[in-house]
Amino acid sequence: MAFFARPASASAAVRIVNPNIQNELVQPSRKDSAQRRCRNVMIYGYCKFEDKGCVYYHPPAEEVFSAPARSASPAAATTTGTSPISAHAVNAPVFVPKASSLSLASSPSAPVTGQSLTSSSPSSPAPPDYQSTEHYSYSDSEQVAEFYDDSQAHFNAYPAGYVQNMEVPFYTNPSQVYMNEPLDHHLYTPTIPSAFISSSTGNHFVNPSSELRQILQERSHTSRSAPLLGSNLPEELQGYHTFVPIDTVSSPDRKKFFNLNSIVYRATNSTDGIPYVLRRIENFRLMQQAAFIPIEAWSQIRHPNIVPVYEAFTTRAFNDSSLVVVYSYYPKSQTLFDAHLKSPPSSAFSQHLQNGGGRVALGHSHSLPQIAHFGQSLPSSFATSQSLHQLQSNGIPERILWSYIVQIASAIKRVHEAGLAVRTIDATKILLTGKNRVRIGSCAVWDVLTYDQHLDVVALQHDDLQHFGRLIFALCCHNPQATTNGNFQKSLEIISKTYSHDVKSIALFLISKNHPHKNISTVFEMISSKLSMELDDALEGMDILENEMLSELENARLVRLLCKFGFINERPEFARDSRWSETGDRYIIKLFRDYVFHQISEHGTPVTNMSHVLTCLNKLDAGTEEKIMLVARDEQSCLVVSYKEIKACVEAAFSDLSRASSTR
Ligand SMILES: Nc1ncnc2c1ncn2[C@@H]1O[C@H](COP(=O)(O)OP(=O)(O)OP(=O)(O)O)[C@@H](O)[C@H]1O
């Protein structure tokens, strides 16, 4: 086919082949070592190891010198026919036949230092100056010194003393035996110097780099958890499928929303494939369609501290009349109640505080006292059984407290400015979705439930601030009932002793009933000194995340390259078409694939070093001028090519395939 008929000459690669062995090149069967012509003879015209144990065939001198490649001056070698040897061959490292097991055994490997390599005897006979070769990274003494450290000694393909005294029978083929290459950091996306980014320690909002991936993986894993078998949930509902209850607590006390039963599910939207949270209010009969008007208003609100409202509908799919409100899903999030107010304070909570806040994995406790919110009452024993000292020591750290205050105040401000009231400022409805990141959830439900009551928004906004004050009291005192059941004075005492005066002031202001200037703008005036700290931490967190992203940038380009290799290499439909795989560009790509992935150690075992693979692929993607020697599997020919040329081959072969796929 036309698109596969790219001439082999399109490649700028230099092919090093002894013209005398053209017939051997096409012979598929391998010869015994003793019959195979020594590669040193083929390339340099002689082998200095001929009398020192080289097991390969060394033809008589006349035969050797009759070949064009035997030129005493390899640089003068001419390119003829299909087996050119160009000036590049001069710089080719001495070819080494694969060491036989015998020779390997007799020459155990040992670390080779840069010094030993550079101290090669100047009187060493003829092979082209190994040290002066400028095209081969592996022959650059500086680089060799750089990567031949002791820790890499086991990868060393060269027996000890090889360069110095040339005593060893063979040196090995660089394309067949793995050598640890130095990473050229210029090939990578530069990251911000670590001195300027505290990614290892993390910041107020971002976990340390070492934890970040695990946390993201866990979230991803959670969002794909399998649905419960036999859960009797609808298979499909209003474009949502794969229903999974999020709150697995079976106690009926734990699913109250106002005086109605409420259950939260995760389900996948069929249109965009994204998981959402569906809050279902059981046994609710919607009396008028207009009750959904607030949903429209709420769906317009986008704020980093509010769980976005997506849509709402009623359904009978749960065998009752249910109201369902759909929200964005934050996998592995916790309510503030679960994170900070669960009682008794667990060791996990203490650990959490030691870690400076953030999310902790707290299990649900079925023996927990009932939480007082939305009209439910809490057994007073819960509030009073803890000593003052206990309550003090279990309070939330002030830095985290201020962070919550600023974030929640900011969310309230947005909602109030939109002419709405939040109505869910409660520890059980505010989610901790990341390290010290809070989002007010379950918004809009109240507005739908009480639509026909025509409540005064200003009064509701006032209530928001009061609930906010109660929340601060609860968090400071580690007690959801800190402001009721006669606990107020004691709670105030705790706050005065444990926290700064500013905390006490804002808490008292919010909880007060008849303050003349009580609105969210006044709250912001009171907390203004804390805003800059929050802003600084947020921006620093952004820098850290950007830096993390930079390190991931490489992934995409490497995956693209690997995909191209997958498309090009060993296509079964061209298995018999030697033009496709055994000539020209594709052949180079195939050999390069061997060079990257099929390296072997000096013991003949596969090398699976990712660093080598990444180095090669990055150099390929960058298209560097650095040259490497690719050796055919039958070891009868080798090619000296630059990464730039291989890159051109990959691009050409891939565009051939792309063209073919688009024209059919
Ligand atoms: N948008 C959301 N994304 C992820 N998880 C959520 C979301 N909304 C709620 N959840 C989780 O669903 C679970 C149940 O939520 P719910 O509001 O019912 O909290 P709760 O602690 O069970 O309160 P209640 O006692 O009122 O039922 C909680 O663990 C909460 O973390």
Side-chain angles (χ1 to χ4, degrees), residues 215-216 218-225 228 240 242-269 274-282 284 298-299 301-312 322-343 358-379 382 411 422-434 437-446 449 467 471 474-475 480-481:
I215 289 170
L216 295 178
E218 283 173 6
R219 282 189 204 160
S220 161
H221 180 75
T222 305
S223 65
R224 285 181 281 112
S225 62
L228 296 174
Y240 295 90
T242 320
F243 279 74
V244 180
I246 291 186
D247 200 352
T248 51
V249 177
S250 54
S251 161
D253 298 332
R254 289 279 294 155
K255 49 177 190 165
K256 292 283 183 193
F257 194 95
F258 195 30
N259 53 353
L260 295 164
N261 283 337
S262 157
I263 297 187
V264 178
Y265 303 99
R266 187 200 76 211
T268 306
N269 186 307
I274 293 175
Y276 288 84
V277 155
L278 278 68
R279 179 178 285 280
R280 168 185 161 216
I281 308 292
E282 294 176 22
F284 173 76
W298 272 103
S299 65
I301 292 183
R302 289 285 176 271
H303 189 274
N305 301 113
I306 294 176
V307 176
V309 179
Y310 191 61
E311 62 176 333
S322 292
L323 167 70
V324 176
V325 185
V326 184
Y327 300 92
S328 291
Y329 172 55
Y330 296 91
K332 288 212 81 141
S333 57
Q334 268 189 309
T335 62
L336 279 187
F337 180 86
D338 284 342
H340 296 293
L341 298 177
K342 255 186 173 174
S343 183
R359 299 180 312 109
V360 288
L362 292 172
H364 285 290
S365 167
H366 292 250
S367 58
L368 280 177
Q370 186 179 333
I371 310 146
H373 64 100
F374 299 116
Q376 296 174 36
S377 66
L378 183 84
F382 171 59
V422 183
R423 306 180 75 183
T424 50
I425 313 255
D426 185 276
T428 63
K429 295 293 165 279
I430 297 176
L431 298 179
L432 200 49
T433 58
R437 275 297 303 279
V438 289
R439 292 174 211 260
I440 303 175
S442 308
C443 299
V445 179
W446 280 92
L449 295 180
H467 283 117
L471 178 69
L475 291 172
Q481 289 289 287

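Atoms within a ligand are numbered from 1 in the order they appear, just like the ligands themselves. Note that the structure is a prediction, hence the values are computed from the model and not measured.
- Under the 3.5 Å distance criterion, with hydrogens and angles disregarded, a donor-acceptor pair is assigned to the side chains of Ser225 and Arg266.
- Taken to the nearest 0.5 Å, the CG atom of Asn305 stands 11.5 Å off from the CG atom of Leu431.
- The N/O atoms of Ser333, backbone and side chain alike, include one that comes under 3.5 Å of an N/O atom in ligand 1.
- In this structure, Ile425 and Ile440 have side chains that are in contact, with non-hydrogen atoms separated by less than 4.5 Å.
- Distances from atom 2 (C) of ligand 1 to the heavy atoms of Asn261, Ile430, Val277, Val307 put Val277 nearest.
- In this structure, a donor-acceptor pair under 3.5 Å is present between the side chains of Ser220 and Arg224.
- The two residues Val325 and Cys443 come nearest to each other via the heavy atoms CG1-O, 4.5 Å.
- For Gly441, the heavy-atom gap to ligand 1 stays at 4.0 angstrom or more.
- Residue contacts with ligand 1 for Arg279 involve side-chain atoms from C-beta outward but no N, CA, C or O (heavy atoms, distance under 4.0 Å).
- Looking at Ile263 against ligand 1, nothing comes within 4.0 Å, counting heavy atoms.
- Side-chain polar atoms of Arg279 and Tyr327 form no donor-acceptor pair below 3.5 angstrom.
- In summary, the atoms of ligand 1 found under 4.0 Å from a heavy atom of Thr428, numbered by their order in the structure, are 17 (O), 19 (O), 23 (O).
- Within the 4.0 Å heavy-atom criterion, the part of Ser328 lying near ligand 1 is the backbone and not the side chain.
- If you take CG on Leu278 and CD1 on Ile263, they are separated by 12.0 Å, rounding to the nearest 0.5 Å.
- Remark: ligand 1 atoms within the under-4.0 Å shell around heavy atoms of Tyr329 are 3 (N), 4 (C).
- Not a single N or O atom of Ser442, backbone or side chain, sits closer than 3.5 Å to an N or O atom of ligand 1.
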